[in-house]
Amino acid sequence: MSTPLNLAAGTPSSAVSPVSAIGPIVGLENLRKTYQMGGTTVTALSGLSLEIQAGEYVAIMGPSGCGKSTLLNLLGCLDRPSGGRYFLGGQDVSGLDDDALSAIRGARLGFVFQSYNLIQQLSVVENIEVPLFYQNCPEEQARQIATDLARRVGLETRLDHKPFELSGGQQQRVAIARALANDPLVILADEATGNLDSASGREILGIFDDLRRQGKTLIMVTHDVEVGERARRIIRLRDGELESDTCH
Amino acid sequence: MLAIGEGASFKAQEIIKTLGSQNILLRSQKPGEEEKVTNRRDNYVLEYGLKNEDLKRIRNTIPGVETALPARVVRDYVWNITVRVDVDVVGTLPEYPIVRNHPIAMGRFFNQADLDAAESVCVLGKEMAQKLFPLDEPLGRDVRIGDNYYRVIGVMELRTTGSFSEGNLEDAGSASRDRMFIPLETARHRYGEVLFRRRAGSSELERVALHEITVKVVNPQDVIPVADAIKDVLEKNHKKKDYAVVVPLELLKKAEETKKIFNLVLGSIAAISLLVGGIGIMNIMLANVTERTREIGIRRALGARRQDITTQFVIEAVILSASGGLLGVLLGVLIPFAVSHFAGMRTIITPGSPILAFTISGLIGVVFGLYPALRAATMDPVEALRHE
Ligand SMILES: Nc1ncnc2c1ncn2[C@@H]1O[C@H](COP(=O)(O)OP(=O)(O)O)[C@@H](O)[C@H]1O
Ligand SMILES: [Mg+2]
């Protein structure tokens, strides 16, 4: 089943270029990130280069402090690199301003967080609609898309429930539905199963497998070897540098 | 609050309507310091007030005066067989209805011939006519004051000014007595110059030539200079301040000034309360923004621009302050209502002021909500997502 999303009604921001059909969906060239801590400079990523093709399922692994979250923030356009270049769908996004990055996030990226990050005062269906709201999607269309996605993650009976009325696994499924709402180029997941019991975790990983089969590009950060094994490709970081990049 | 100020100037406008902006009213009044002396002495005749000479001087020496209308005003009972009404008996000239702009409802006012012959005719006020003759036509009937009978030849129109008494301008709250009119000459014959008054156990005699003089000015612009000239003339010829000069136009100006000061004070109070309220809203919104840092991060990650976040929080601040404003408007309508009802003060709610109040409270939301909203919008998305 292919995503029945058509956001033609929403006006795509001029900051978002059309996706190039050739080349990788993510391309990093010597990407660097440093943090200024008082007088000292902390290097979180020191010149990372890699490519990720459309439809790949990638796990980013490594010990704590190696730069996984930093990399994911850069990939998610939540932060800007200190050096190097980042191509997303063929477009160089490393030099864009805040508004342009917001537009890219809204149109091209989907996030799944460790702690679900649902908006507590909104219902399930309203949470899924949030990205569509910022894409100026008409109300009825947004409701239609959100309802369809809720059905896909098995929550069609919980549309009007608030997040605190749901289990962790259910909340994470809402978060996945929300990440799919804008039909993103890449889905970024940061320890998506970290807060879940093993049964719920397997459920979420099952949904990720489905998404990969549908051709979605998935990048997830994890320190759990078992979770990492589910991905086709494992990128290992150490001290802000690429340690290994293996496919199996 | 503004309603009270509006009411005050409305009262002055009513006085103007009754007396006419072209008129100046002179009234006799008992000089203050004399009162204590006369209270204990029965046979002393207190002489004070406006004289016939004053009338002549005003008529002859002050330019710009069109007419000066004298009147003797005596409080008395008027009877129709067994029905009694407490009235002011006004002895005056035939010009009274024109000068005082008080039209006649039926019959006629007395004329020069009635005056010259000192006829026993009278014109009743509308209210007393209804009290004295509840069932039949008053015209042609006789009413009695003391031992004298007067033929009713006319009835005046009702004065539209409910709370305002002509005889007692400063004290507009006192019950106004209806006026009954008789020719000035008739009044002189019947009442003489000396009036007997009984008050609080002791009686007193007083001699007042004229109780009031209504001066009509040729040019409305000249009211104030003419009034000043009259004040000068009276001051020269009266040892004591046994008269009062009422200039409706001055009253209006005073009322307007009072209103201005009132509005200024109220305006400052309002400004301070708005400031305090605004800071309150700012505090609430700052706390709100801090509490919802995570939500802000989520929305930013899902594509919200800074501007979207700003808009969201400004709208929330406006909703907060506007609902406060709505409550304020409700109180602002109810309180003047209560003030009129219980304090008897006149209040007017101009349709603009609730709208203004509501608009201002909305604007307060924008102004004081902007800073917290900008704080929310400029948060770093990564930091915001990590919050808590
Ligand atoms: N905001 C920040 N300010 C300063 N240093 C930071 C900041 N974020 C991360 N770092 C540093 O960058 C390095 C990589 O951090 P991070 O990407 O969070 O690692 P991981 O997610 O793999 O545990 C660490 O040394 C960390 O201390
Ligand atoms: Mg981390």
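Order of the sequence lines fixes the chain letters, A, B, ..., with proteins taken first and strands second; residue numbering starts at 1 for each chain.
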Quick check on [X] against chain B: is it the side chain, the backbone, both or neither that has a heavy atom closer than 4.5 Å?
| X | value |
| --- | --- |
| A/Leu72 | neither |
| A/Gln121 | side chain |
| A/Asn117 | both |
| A/Arg108 | neither |
| A/Phe113 | side chain |
| A/Leu118 | backbone |

Quiz item: Does the side chain of A/Leu188 reach to within under 4.5 Å of the side chain of A/Val112, using non-hydrogen atoms?
Solution: no

Self-check item: Any side-chain heavy-atom pair of B/Phe313 and B/Ile296 under 4.5 Å
Solution: yes

Pair [X] + [Y], salt bridge at N-O below 4.0 Å:
| X | Y | answer |
| --- | --- | --- |
| A/Asp148 | A/Arg143 | no |
| B/Arg306 | A/Asp99 | no |
| B/Glu295 | B/Arg300 | no |
| B/Arg386 | B/Glu383 | yes |

Give, as side chain, backbone, both or neither, the part of [X] having an atom under 4.5 angstrom from any heavy atom of chain A.
| X | answer |
| --- | --- |
| B/Arg299 | both |
| B/Arg305 | both |
| B/Gln312 | side chain |

Quiz item: Mind checking which of residues 163-177 of chain A sit less than 4.5 Å from chain B, heavy atom to heavy atom?
Solution: none

Quiz item: For chain B, which of A/Leu101, A/Leu109, A/Ile104, A/Asn73 has the most heavy-atom pairs under 4.5 Å?
Solution: A/Asn73

Quiz item: In terms of heavy-atom pairs under 4.5 Å with chain B, which of A/Pro131, A/Cys77, A/Gly76, A/Ala179 leads?
Solution: A/Pro131

Between [X] and [Y], a side-chain donor and acceptor under 3.5 Å:
| X | Y | value |
| --- | --- | --- |
| A/Ser94 | A/Asp92 | yes |
| A/Gln114 | A/Asn195 | yes |
| B/Glu157 | B/His102 | no |

Quiz item: Would you say A/Asn182's side chain and A/Gly106's backbone share a donor-acceptor pair under 3.5 angstrom?
Solution: yes

Quiz item: Counting only heavy atoms not in A/Tyr57, do more than 12 sit closer than 6.0 Å to its OH atom?
Solution: yes

